[in-house]
A.B. asks: 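Take a look at the following structure, please.
Per chain, numbering begins at 1; letters A, B, ... match sequence-line order. Because the structure is a prediction, the values reported are computed rather than measured.
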Amino acid sequence: MERYILTIDQLEELYSIIKDEYKLISPTLKDGVIQYSQNIDFKDLPFGYTQMESAGFYTVKTTDDCYFSYIRPYNSLKQFLRPPKVNFMTVRRIDNNLTFEYHLKYEKYAFFDVRRCDLKALYILDKVFIENKYPDIQYKTVRENMFIVGVNCLKASDVCFCESMDINFEEGYGADIFITEIDKNFLVEVLTEKGKNFLNKIKLKKQQSMNLNKKEEVIEKFKTTIKKKLNTENLKDILYSKIDSPYWEELGKRCLSCTSCTQVCPTCFCFDIREENSLDMKVSERYFVWDSCFNQTFATVHKFNLREKISHRYRQWLMHKMAYWQDQFGTFGCIGCGRCITWCPVKIDIQIETQKLRDL
Amino acid sequence: MEIKLNPLTRVEGEGRVIVSIKDGKVNDVFLNIFEPPRFFEGILVGKNYDVAPDITARICGICPIAYQMSSVQAFESAFGIDIPKEIEDLRRLFYYGEWIQSHTLHIFFLHLPDFFNLPSIFEVNKINPEIVKIAFNLKRFSSKLIEIIGGRVSHPVTAAVGGFYKTPEENNLKEILKDINLVLEDTVKAIDYVSRLNFPDYSIENVLFVSLKDGDNYPILKGDIYSSDGLTIKKEEFLEYFNEYEVPHSTAKFSVKKDGKHYIVGPIARFNNTFDKLLPLVRETAKKYSITPPIYNPYRSILIRLIEILDCLYRSKSLIENYRRIDKATVDFEVKAGVGVGVSEAPRGILWHRYVISETGRILEANIIPPTSQNQYIMESDVKRKLLEVKEDEIRERVLEAEKSIRNYDPCISCATHFLKVDKLYLNNR
Amino acid sequence: MKIGVFKFSSCDGCQLAFFDIAPEIINSEYIEISYFLEATSFNIYDRFDVAFVEGSISTREEEERIKDIRDRSKIVVAIGACAVSGGIQSARNFGNFEEIYSFTYRENYFKDINPLSKPISDFVSVDYTVRGCPVNAEEIIEIITSLLLNKTPHINESPVCIECKRKSIPCLLVMGSPCLGPITVDGCGALCPSLNRGCYGCFGPIKGANFESLRDLFKERGFNFEELIKTGFNAYNPYFRGVIWR
Amino acid sequence: MILQNPYCLINGKVIKVKRENYNTVSVWIRSDIKPENGQYVIFYGFGRGEAPITVASYNDGISLHTIRIVGDVTGYFNRISEGDDIYLRGPYGNSWDLMEFEGRQIIIISGGLGIAATRWLMEEAIQNRDRFKEVISLYGVKSVDDLLYREEYENWSSKIRFSVIVQNPSEAWSKDVGLITDLIEKVKIDKDCGVFICGPDPMVKAVVNQLYNIGVDKSNIKVSLERHMKCSVGTCGHCMFGPFFVCKDGPVFRFSDIDHFFDKKGV
Ligand SMILES: Cc1cc2nc3c(=O)[nH]c(=O)nc-3n(C[C@H](O)[C@H](O)[C@H](O)COP(=O)(O)OP(=O)(O)OC[C@H]3O[C@@H](n4cnc5c(N)ncnc54)[C@H](O)[C@@H]3O)c2cc1C
Ligand code: SF4
Ligand code: SF4
Ligand code: SF4
């Protein structure tokens, strides 16, 4: 593996080279939150900002101890890999014959600054959309054509609990290059050919022996900032045994069934297929639209909703993330990013509730 | 004997003409509006001031921005808020969008079919799809403009006391510049076309023209109230000079000048009072088609509306070109007790709001005078002139003409919040 | 398909959706507008395949008229907050009618006005509802095309929140302002939140939404839940009655 | 690229249409699908969307589908006639595995429309009759009007033990009246038999309990389930039932696998 040390100016150079070649997505401060956005200038990266996050609470403040001072953005990569609404097919009717046009619209994306939890989320989504007998071509195409710059977190927020969710801090999770900020310089580890080609474009001096230990130090220090912990030992079986617990009703009383948690979760993948027809009855557009198990129409059979109560829907969500997923894909469906905790208006905390259920 | 004629069509809201017959002839005519009152002034009492722009917008689905602008300005004047130029410009632009939208709707969808003796734009489309296409282009353009600033076309959501909840991104707004030349051309084409139509010979008599005067601007967002008999007053003085009264025999509140003179508001009044404030380019075009003040023939109001659209388009163009987004969309202010008056030129004329506000920002009293109730008198008298003395068996025929003369004023019946008498509706078809 | 567009107590804003889609209507061979006072002078008041009804019922005359329209129509679609919930004018339902009346008029010329402004579903059966103040023209298209295809229209039943997240709009409640999004049906595309203001509920409540939990949250944050609903154009929606207004 | 798209629809031709009863039609379709016994396809109706429908039988490029007209997509079949084009994709899901129980007693239990999913199974069992100890097929419906495939009964009865029971008594029905469980009571069931069930959830529950009480192992019971489906390839999440995607892990399940989740409200 090649390693380099970059200064902030060289990092900027790297950034602009990537931007020249790809549609670059990077975090920025917009509408009061740090979020992934397109076409961001290097100077508009949220360097020097950090979020204060807790259940149902979010605010941004400045800090000046480092560049990558913030944590993972509000939205996640699924926004770009499988956008909220995709017109995947147009059906035209001429007399009684139908013609079909299938759309594959994709961008050559590069993601600058993806944290390990979100990288792992892509691994999980790959299992859904690619490691499938019928791979999803939209997702697969974007995935195969993208470039990822991973970044090591320096500090966790109060909602992060990635460490509990089997994250491996050694693993690159498919990033092309990985950046660790060390004393305001940047250790760049090159993990793929694509990454190598990019770095060859800027004149850099190869890194000598030193910083490896430093990197370990940074990661170890980061780990001490993760306060939230979930005991996942034997979690699936324990949760399966709690499927009839009266505690779900308690949760059902608090949950608004607002769908927010599912929509901000980087691994929630459910979608609906919708038809939009023209008034002349000649064209029908078909769309993928993000759906949520909290929607009342989600599990209807013959117009009757199988998950009638909010408690049913909350159970579906938590059980899916923490238990079913393991049977389905061999991993947890949760990577511990804490987004659903921050963005639940009524402060339902999936880690606390899961822990409570297991301890019940 | 009283005959109630069919509901008025192609007007905004519900109204009808009632004629009373004596000796086989019409001896009196009323304009009867049976749109049920929705008691906005009553509803507003007790509410917090900040919901008034959204609530009053619902008085009218066609000119909600006018309501929002008059009401935010009323509170701003009560709280002593100074609005920076950038916000005022954006408000003007927003308002131009509404004028274009509302005028387009009236000109093409409601008014134009009359000049062909056709029932609706759908039939006009069959004989002249070109002009209908222009209508749709204008409609689409103005919808886009309103949407970019206000979020949606009817009852937009960004207007706030002190400014906007959010101002539009520069590139979003600038993007519509690419369409503006097309609609400018379209408008000139429409003026050319409409000016060659047949206008019935008719002129209104003995009325004053009342409109706002706002420096060098063609009046829209604010101004002093000016009457063509030479009177200029501050917005706060309106009720000292004009009187709204309720009439028992029928319909809505009427308005007169306290000296007993009747007046009209709206395009004709604005045009006659402030022709010189139109952009020079627009004035040139108007002159070219012999659209010059004073205009007394209400049928020609359709041309005035087109001229106003042209003016709005040019002004919008330069406002958009010069638009710079400001970070802070609202100015800071403190809520305090007081009385606030706001007035603006809705597409149909002067729209006057007055609120009494408590220390905590609760509305204690609300009074809204919309343009349509101010135009009631003239509409009714035009109808009277058309129908009085008409023989009983000719009424049905003649009433069509009468209805057309009402449409000249683009009455917005929903606007007139103050309607009184509610009658049974006769639903038999014409 | 014979369509009638009718108006009751309202602002006309919802009917405008038909002007928005006029180009498509003109081009469609399947649609015939047979009654629409605002758009045409040639109206046939006979039988209708679909009656689109705007406005609330607030006079006795309107009670009669809506029943008559129901009798003549195969399908009745309530369009807009007025028709679905009673509209902004139903704010009077929560006050003293005489008083509210007197704030607007000095004289007492009419007797026919009902003290309460009610949704049309209080008087006749309604087949479909299109929510919003005003409605979104796309939902009208969905209704018309679905009826032409003889299928159930897809009408949104998810909350505004889902659309906020789809559009990466930060949750206003979490960021500290009052918002009715979680209990309000989407259809506007999260319009207000996208423009930096809390949802004021113009599309109305979701059936079976967890009103209590949101009310508790409002209380905790010091926001006035009931007042926001009362100024939100859908206060008299049947879903609120018996739950919020006991 | 396009060929890989799981949402690509293929064209089929309607060969024959038969009205089964007041709300159900059978259609025979020639297309390029190559289904296995127990699988289903997705039908598309213009502007309406898609619906999963079982392959009720298949022979030489022609598949049979029996469709109850209940809603938007199925409504499309109300107007279908011979020679029409139809658009579909698939086949999807797993299949019944009859041979797992070779040499043993086979019991096929169908409720209502469920017989659409077991018809091909019966046909296969009849073809391979000599490889099983006994083949029993029991079919229950609410009322006589609901009966499907009436013209086949005679043929089936001559080859396997096939009985029908109708819940609501009526003059038009002279045979067994009652619930499917009544029919089961009447047959002698081997403890090691293989059972195949398709029917409404409450029926499945009752039947499984009954068989379990007799001593049939739940791992020898297979059921075909029904859920709301959109994508049918395990990505849209709608058909999720406990840890299973009914669309791809099913529709056929070994009952012992789903036992823990079956009959739990809202799972
Ligand atoms: C594996 C499988 C095999 C099936 N085989 C048959 C068959 O052979 N014959 C037959 O008549 N029916 C069968 N069904 C049921 C059939 O799919 C539904 O009746 C049909 O989807 C209803 O669609 P609709 O649009 O007509 O009805 P609507 O009620 O208008 O549909 C609304 C929505 O609900 C969904 N939906 C409603 N009910 C069901 C349901 N039961 N299953 C799945 N989705 C549903 C649909 O996807 C649709 O999008 C099968 C279902 C499954 C899952
Ligand atoms: S469940 Fe919550 S914490 Fe887990 S990955 Fe999803 S959003 Fe993040
Ligand atoms: S858990 Fe919270 S975020 Fe999720 S649906 Fe319930 S209220 Fe909304
Ligand atoms: S719902 Fe709103 S927009 Fe529609 S008519 Fe009523 S007040 Fe107007």
Side-chain angles (χ1 to χ4, degrees), chain A residues 30-37 53-59 73-76 79 83-85 252-265 272 274-282 284 289-292 294-298 303 305 308-310 339 342-348, chain C residues 21-31 138 140-142 144-146 148-149 151-176 179 181-184 186 189 193-194 196 206-214 216-218 220-221:
Chain A
K30 201 168 127 191
D31 298 335
V33 299
I34 289 169
Q35 53 177 302
Y36 281 121
S37 202
E53 295 192 24
S54 62
F57 178 80
Y58 185 106
T59 183
Y74 158 55
N75 50 0
S76 69
Q79 199 91 28
K85 187 169 179 184
K253 278 190 202 136
R254 287 166 61 201
C255 172
L256 297 164
S257 203
C258 74
T259 75
S260 296
C261 46
T262 56
Q263 304 300 290
V264 295
C265 177
D272 194 6
R274 301 250 176 92
E275 328 288 322
E276 283 179 16
N277 305 320
S278 68
L279 275 173
D280 60 8
M281 294 284 122
K282 290 188 178 123
S284 179
V289 186
W290 284 3
D291 205 344
S292 166
F294 284 97
N295 271 337
Q296 307 207 22
T297 46
F298 189 78
K303 308 219 151 70
N305 186 4
E308 210 189 340
K309 292 170 145 185
I310 294 180
R339 286 182 174 93
T342 303
W343 297 103
C344 174
V346 289
K347 306 181 193 163
I348 298 178
Chain C
I21 59 174
E24 288 88 352
I25 291 183
I26 286 180
N27 287 330
S28 178
E29 50 189 298
Y30 304 98
I31 302 168
E138 275 162 36
I140 303 275
I141 295 182
E142 172 64 14
I144 298 176
T145 54
S146 297
L148 286 170
L149 279 166
K151 77 167 183 85
T152 341
H154 172 90
I155 295 293
N156 260 314
E157 282 172 53
S158 27
V160 172
C161 306
I162 200 167
E163 201 52 42
C164 276
K165 304 305 169 307
R166 286 170 183 156
K167 296 198 164 132
S168 288
I169 302 162
C171 174
L172 281 130
L173 280 164
V174 171
M175 304 292 281
C179 177
I183 57 163
T184 302
D186 172 43
S194 76
N196 195 26
I206 297 174
K207 186 180 183 183
N210 196 344
F211 303 126
E212 286 85 352
S213 181
L214 191 63
D216 293 347
L217 177 73
F218 267 56
E220 188 192 309
R221 300 263 162 107

A.B. asks: Within the structure provided, determine whether C:Leu217 and A:Val346 are in side-chain contact (heavy-atom separation under 4.5 Å).
C.D. replies: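 Yes - at least one pair of side-chain heavy atoms lies under 4.5 Å apart.
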A.B. asks: Using non-hydrogen atoms and a 4.5 Å limit, figure out which bit of A:Ser278 sits close to chain C: side chain, backbone, both or neither.
C.D. replies: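 Backbone only.
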A.B. asks: Calculate, to the nearest 0.5 Å, the distance between atoms SG and NZ belonging to A:Cys265 and C:Lys165 respectively.
C.D. replies: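 Going from the SG atom of A:Cys265 to the NZ atom of C:Lys165 covers 13.5 Å.
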A.B. asks: Chain C heavy atoms under 4.5 Å from A:Tyr74: which part of the residue, side chain, backbone, both or neither?
C.D. replies: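 For A:Tyr74, side-chain heavy atoms alone lie under 4.5 Å from chain C.
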A.B. asks: Taking side chain as everything from C-beta outward and backbone as N, CA, C, O, which of these in C:Glu220 sits under 4.5 Å from a heavy atom of chain A? Side chain, backbone, both or neither.
C.D. replies: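 The answer is the side chain of C:Glu220.
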A.B. asks: Where on A:Ile310 is there a heavy atom nearer than 4.5 Å to chain C: the side chain, the backbone, both, or neither?
C.D. replies: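 For A:Ile310, side-chain heavy atoms alone lie under 4.5 Å from chain C.
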A.B. asks: Under a 4.5 Å heavy-atom cutoff, which of C:Ser168, C:Gly208, C:Cys171, C:Pro182 has the most pairs with chain A?
C.D. replies: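 Among the listed options, the one with the most contacts to chain A is C:Ser168.
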A.B. asks: Could you tell me whether a side-chain N or O of A:Gln296 sits under 3.5 Å from a main-chain N or O of C:Lys207, the two making a donor and an acceptor?
C.D. replies: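 Checked: pair present.
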A.B. asks: Any donor and acceptor pair, going by atom type alone, linking the side chain of C:Ser28 with main-chain N or O of A:Leu279 inside 3.5 Å?
C.D. replies: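 It does hold such a pair.
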A.B. asks: Atom OG of C:Ser213 and atom CD1 of A:Ile348: how far apart are they, to the nearest 0.5 Å?
C.D. replies: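 One finds 6.5 Å between OG of C:Ser213 and CD1 of A:Ile348.
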A.B. asks: Please say whether more than 12 non-hydrogen atoms of neighbouring residues, nucleotides or ligands are located less than 6.0 Å from CD in A:Glu276.
C.D. replies: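 Yes.
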A.B. asks: Identify which of A:Met281, A:Lys85, A:Glu275 forms the greatest number of heavy-atom pairs closer than 4.5 Å to chain C.
C.D. replies: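 If we count pairs closer than 4.5 Å to chain C, A:Met281 comes out on top.
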A.B. asks: Return the minimal non-hydrogen interatomic distance between C:Asn210 and A:Lys253, and the atom names on each side.
C.D. replies: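 Closest pair (atom of C:Asn210, atom of A:Lys253, distance): ND2-O, 2.9 Å.
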A.B. asks: Would you compute the distance between atom CZ of A:Arg274 and atom CD of C:Glu142 and round it to the nearest 0.5 angstrom?
C.D. replies: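 The CZ atom of A:Arg274 sits 9.5 Å away from the CD atom of C:Glu142.
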A.B. asks: Select one option (side chain, backbone, both, neither) describing which atoms of A:Lys309 are under 4.5 Å from chain C's heavy atoms.
C.D. replies: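 Neither the backbone nor the side chain of A:Lys309 comes within 4.5 Å of chain C.
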A.B. asks: Quick check on C:Ile31 against chain A: is it the side chain, the backbone, both or neither that has a heavy atom closer than 4.5 Å?
C.D. replies: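 Just its side chain gets close to chain A.
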A.B. asks: Which bit of C:Glu212 comes within less than 4.5 Å of chain A, counting heavy atoms only: side chain, backbone, both or neither?
C.D. replies: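 Interface part for C:Glu212: neither.
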A.B. asks: Tell me if the CD atom of C:Glu24 is crowded by more than 12 foreign heavy atoms within 6.0 Å.
C.D. replies: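 Atom CD in C:Glu24 is packed in, count exceeds 12.
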A.B. asks: Closest heavy-atom contact between C:Arg221 and A:Gly56?
C.D. replies: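 For C:Arg221 versus A:Gly56, the nearest heavy atoms are NH2-O, 3.3 Å.
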A.B. asks: With a 4.5 angstrom heavy-atom cut-off, could you sort out which part of A:Thr297 is near chain C: side chain, backbone, both or neither?
C.D. replies: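 Contact with chain C involves the side chain of A:Thr297 alone.
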A.B. asks: How far does CG of A:Asn277 sit from NE2 of C:His154, to the nearest 0.5 angstrom?
C.D. replies: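 That separation rounds to 12.0 Å.
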A.B. asks: Of all the heavy-atom pairs spanning C:Pro159 and A:Ser257, show the shortest one and how long it is.
C.D. replies: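 Closest approach of C:Pro159 to A:Ser257: CG-O, 4.0 Å.
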A.B. asks: To the nearest 0.5 Å, how far apart are CZ in A:Phe294 and SG in C:Cys161?
C.D. replies: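 One gets 11.5 Å once the value is rounded to the nearest 0.5 Å.
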A.B. asks: Holding to side-chain hydrogen bond (donor to acceptor under 3.5 Å, both in side chains), I want the full list of residues that pass it with A:Glu53, two or more places apart in sequence or in another chain.
C.D. replies: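 Checked A:Glu53 against side-chain hydrogen bond (donor to acceptor under 3.5 Å, both in side chains); matches are A:Gln51, A:Arg72, A:Thr342.
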A.B. asks: Roughly how far, to the nearest 0.5 Å, is the CD1 atom of C:Ile169 from the CG atom of A:Asn75?
C.D. replies: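 Between A:Asn75 CG and C:Ile169 CD1, I get 11.5 Å after rounding to 0.5 Å.
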